[in-house]
There are 2 protein chains.
Amino acid sequence: MGADRAKGHLDTLILSVLSMGPGHGYEVIAELRRRSDGAFDMPEGTIYPSLHRLEKQGLLESDWDTHDGRRRRVYRLTAQGATALAVATTEWRRFSVSMNAVLGVAG
Amino acid sequence: MGADRAKGHLDTLILSVLSMGPGHGYEVIAELRRRSDGAFDMPEGTIYPSLHRLEKQGLLESDWDTHDGRRRRVYRLTAQGATALAVATTEWRRFSVSMNAVLGVAG
DNA sequence: CGACTACCCCTAGACTACCTAGGTATGGGA
DNA sequence: TCCCATACCTAGGTAGTCTAGGGGTAGTCG
């Protein structure tokens, strides 16, 4: 039971990061690490396939960009992605409340 | 993204229920449903393999019991299981804090 | 009596998310 | 020159969970 893994909530986290503005994969990893104070330190092999999956589902769109000679794929949330994020956030809160209720800890 | 699934935290939930006293599988399901106000409604095919796995890991012990002619396998937490629960609970709180930080919602 | 429901246990097989472990390539600093 | 940070990618395996069945007992209702 790793402490630093997202356990089924990874898509929610990625959508959340990209809801604040477009970004590329490597940046999403850095943002996740920064905002979670180091707790979420995802390997690239986890993030990239997840981004591809989300794009295939229509929750993200992407374009190639070139920056300092390096190419990047910049992702942005679609309207559908924004809706999915809202739903997922609500679900997370409900889930969190239920977990705390069962564990008997304060939310 | 199902709202009622435990996504990697199922073991923690089961250990938590059994930390309040021994119980059998069917009872664990009912307790989970009751304590989560219906949110966690786990199918038997999820709970039983999980109980077996936890026992194999040494976190639970079990004995057969007969009650009203029906046989039950009653599980109880081992010392190792209690330790694992304490660790998992701490991890859950950290995870929860990190999720809320990234999502930008109040804990 | 028969049917149905609640109780109680179990497993095989499949799905899917995630991780591991590699690969490619550029730019900059030591 | 070598290494590190940046930046992308995929194949393959592991493991958790669900689906979809199987078994059986006790009590109630018609």
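All values reported here derive from a predicted model rather than from experimental measurement. By convention in this document, chain letters (A, B, ...) are assigned in the order of the sequence lines, proteins followed by strands, and residues within each chain are numbered from 1.
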Report all side-chain donor-acceptor pairs from residues 26-33 of chain B shorter than 3.5 Å, counting only partners two or more places apart or in another chain.
from: E27(B); atom 1: OE1; to: H24(B); atom 2: N; distance (Å): 3.2
from: E27(B); atom 1: OE1; to: H24(B); atom 2: ND1; distance (Å): 3.0
from: E31(B); atom 1: OE1; to: R34(B); atom 2: NH2; distance (Å): 3.3
from: E31(B); atom 1: OE1; to: R35(B); atom 2: NE; distance (Å): 3.0
from: E31(B); atom 1: OE2; to: R34(B); atom 2: NE; distance (Å): 2.9
from: E31(B); atom 1: OE2; to: R34(B); atom 2: NH2; distance (Å): 3.3
from: R33(B); atom 1: NH1; to: D41(B); atom 2: OD1; distance (Å): 2.9

Exercise answer: donor-acceptor pairs, residues 64-74 of chain A side-chain atoms, under 3.5 Å, sequence neighbours excluded:
from: H67(A); atom 1: ND1; to: R72(A); atom 2: NH2; distance (Å): 3.2
from: R73(A); atom 1: NH1; to: S62(A); atom 2: OG; distance (Å): 2.9

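Judged as a side chain to side chain donor-acceptor pair (under 3.5 Å), and not counting sequence neighbours, T89(A) has no contacts. In this structure, the salt bridge (charged side-chain N to carboxylate O under 4.0 Å, His left out) partners of E61(A), at least two apart in sequence or on a different chain, are R76(A). With sequence neighbours excluded, no residue forms a side-chain contact (heavy atoms from CB on, under 4.5 Å) with P49(A).
Rounding to whole angstrom units, CG of residue D65(B) and P of dC8(C) are separated by 10 Å. Atom CZ in F40(A) sits about 11 Å away from atom P in dC19(C), given to the nearest Å. Rounded to whole Å, the distance from CD on E55(A) to C1' on dC9(D) is 14 Å. Taking atom CD of residue Q57(B) and atom C1' of nucleotide dA15(D), one finds them 11 Å apart after rounding to whole Å. One atom, CZ of R71(B), and another, C1' of dG23(D), lie 9 Å apart when rounded to the nearest Å. Rounded to a whole Å, the CG atom of L10(B) is 17 Å from the P atom of dA15(D). Atom NE2 of H24(A) and atom C1' of dC9(D) are 15 Å apart (whole Å). Here dA7(D) presents its P atom at 14 Å from CG of L51(A), a figure rounded to the nearest Å.
Side-chain proximity of P49(B) to dC9(C), dT19(D), dT11(C): nearest is dT11(C). Nearest to the side chain of Y48(A), among dC9(D), dC19(C), dC7(C), sits dC9(D). Comparing dT6(D), dC18(C), dC9(D) by their closest approach to the side chain of D11(A) singles out dC18(C).
Residues D37(A) and S98(B) have side chains that never bring a donor and an acceptor to within less than 3.5 angstrom of each other.
Using a 4.0 Å cut-off, no side-chain N or O of R73(B) falls inside it from OP1 or OP2 of dC9(C). Taking only side-chain nitrogens and oxygens, R53(B) comes nearer than 4.0 Å to OP1 or OP2 of dT17(D). For R72(A), a side-chain nitrogen or oxygen approaches OP1 or OP2 of dA7(D) to under 4.0 Å. Within the 4.0 Å cut-off from OP1 or OP2 of dT10(D), at least one side-chain nitrogen or oxygen of H52(A) is found.
A 4.5 Å side-chain heavy-atom check between L51(B) and D11(B) finds every atom pair outside the cut-off.
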Discussion item. Treating primed atoms plus P, OP1 and OP2 as sugar-phosphate and everything else as base, which nucleotides of nucleotides 21-30 of chain C get B, S or - for protein heavy atoms under 4.0 Å?
Written reply: B----BS---
